[in-house]
Amino acid sequence: MAAEHDIKAYLQDRLKTCFIGRELKYLETTTSTQDIARELAEQGAPEGTAVIAGEQQSGRGRMGRSWLSPAGGLATSIILRPPLACAYLLPALSSLAVFRTLAKIGIKAGIKWPNDVLIEGKKVCGILIENGLKAGELRYSIAGIGINVNFDVSRYPEIADIATSLSVQLGHELPVADVALLLYTELEDIYTSIAEPARIIDEWSQNMITVGRRVSADFYGNRIDGTAEGVNQQGSLIVRLADGSVKEIVAGDVTVTNGNGGA
Ligand code: BTN
């Protein structure tokens, strides 16, 4: 990625958002953009403040996993301050923003519940939502978004079989700053409709590749196998088991057990 002033100037010249990315911190390298965004949020940074890193040394994933974040990826964390009652929509709206961003680039992706973005069955983007709660109040949320933009996943054995990147898909590289520009624009567009959850949930579920698939999931410590029938208005995944009963998976991970699980 280019030097800090280049990225900032590039984005500031082109961004037409009202708040997302208007305050921007770029770091050539850092531990995790989540940590930097959290510090800024604690210091009262305005909603929409974004942190971008050229690469992360300790990128974090969901469920205690790490996130590989070499140069050529987009690693960004955005400070949001949604009403507590709407915070459950952040995984849906963030993954939808990525889905729309890729569509604008000409790539057909799909969302794997709850918020992975896949291309042809391979993960191209992961999202980590972290919340700052105090005395039962949501002071801020941080939407951490990692997109594999310009790197050859085959060089990283730990992800080579399960991940892809935009450059692998397109056959050429593209400016990471352009991906950030589209992402912030789409994220703001969706985020400003947070008071209309049905619109967000509907568009999210329409583009979700998990629906209709056989899945395996952890349900309160037990593994369940069934068919994902859809999502409800709270964003939970509805899974029908072989005995006909229905389970609502509120959080966690699912494994798609038939097909390639991909878009
Ligand atoms: C996952 O798929 O498990 C979530 C991965 C989230 C990665 C992003 S990259 C930007 C931000 N900083 C981090 O350390 N993690 C998130």
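Both backbone and side-chain heavy atoms feed into the values below; hydrogens, waters and symmetry mates do not. Atoms within a ligand are numbered from 1 in the order they appear, just like the ligands themselves.
- E158 CD: more than 12 foreign heavy atoms inside a 6.0 Å radius.
- Residue-level proximity to ligand 1 for M63 is absent, since no heavy atom of it falls below 4.0 angstrom.
- Nearest to atom 8 (C) of ligand 1 among the protein's heavy atoms is G146 N, 3.6 Å.
- Protein heavy atom nearest atom 5 (C) of ligand 1, with residue, atom name and distance: W67 CE3, 3.4 Å.
- Looking at atom 11 (C) of ligand 1, its nearest protein heavy atom turns out to be T33 OG1, 3.3 Å.
- Counting heavy atoms from C-beta on, the side chains of V231 and I201 come closer than 4.5 Å.
- Every atom of ligand 1 is numbered from 1 in the order shown, and the set under 4.0 Å from a heavy atom of T76 is 10 (C).
- A salt bridge does not link E47 with R81: every distance from a Lys NZ or Arg NE/NH1/NH2 to an Asp or Glu carboxylate oxygen is 4.0 Å or more.
- Counting heavy atoms from C-beta outward, Q169 and L102 have side chains that stay 4.5 Å or more apart.
- Listed by number with element, the atoms of ligand 1 under 4.0 Å from a non-hydrogen atom of S32 are 12 (N), 13 (C), 14 (O).
- Of the protein's heavy atoms, K123 NZ, 2.6 Å lies nearest to atom 2 (O) of ligand 1.
- Each of L183, V117, L74, L181 was checked for a side chain to side chain contact (heavy atoms under 4.5 Å, CB included) with T101, and the lone residue meeting it is L183.
- Ligand-side atoms of ligand 1 in range of G59: 14 (O), range being under 4.0 angstrom from any heavy atom.
- Atoms of ligand 1 lying under 4.0 Å from at least one heavy atom of G61, given by number and element, are 1 (C), 3 (O), 4 (C), 5 (C).
- Counting protein heavy atoms only, atom 15 (N) of ligand 1 is closest to R60 O, 2.7 Å.
- Counting the atoms of ligand 1 from 1 in the order shown, those under 4.0 Å from a heavy atom of Q34 are 11 (C), 12 (N), 13 (C), 14 (O), 15 (N).
- Residue contacts with ligand 1: S69 is excluded, as none of its non-hydrogen atoms falls under 4.0 Å.
- Which parts of ligand 1 touch R62 is read off a 4.0 Å heavy-atom cut-off, strictly below it: atoms 1 (C), 3 (O), 4 (C).
- For the residue pair S77 / Q34, a side-chain donor-acceptor distance below 3.5 Å is found, with atom types taken as modelled.
- Checking only distances, Q56 does come within under 3.5 Å of ligand 1, N or O to N or O.
- Residues V51 and T30 have side chains not in contact (no heavy-atom distance under 4.5 Å, counting atoms from C-beta outward).
- Side-chain contact between Y191 and P82 is present, with at least one heavy-atom pair separated by less than 4.5 Å.
- For D178 and R14, the salt-bridge test fails: no basic side-chain N is under 4.0 Å from an acidic carboxylate O.
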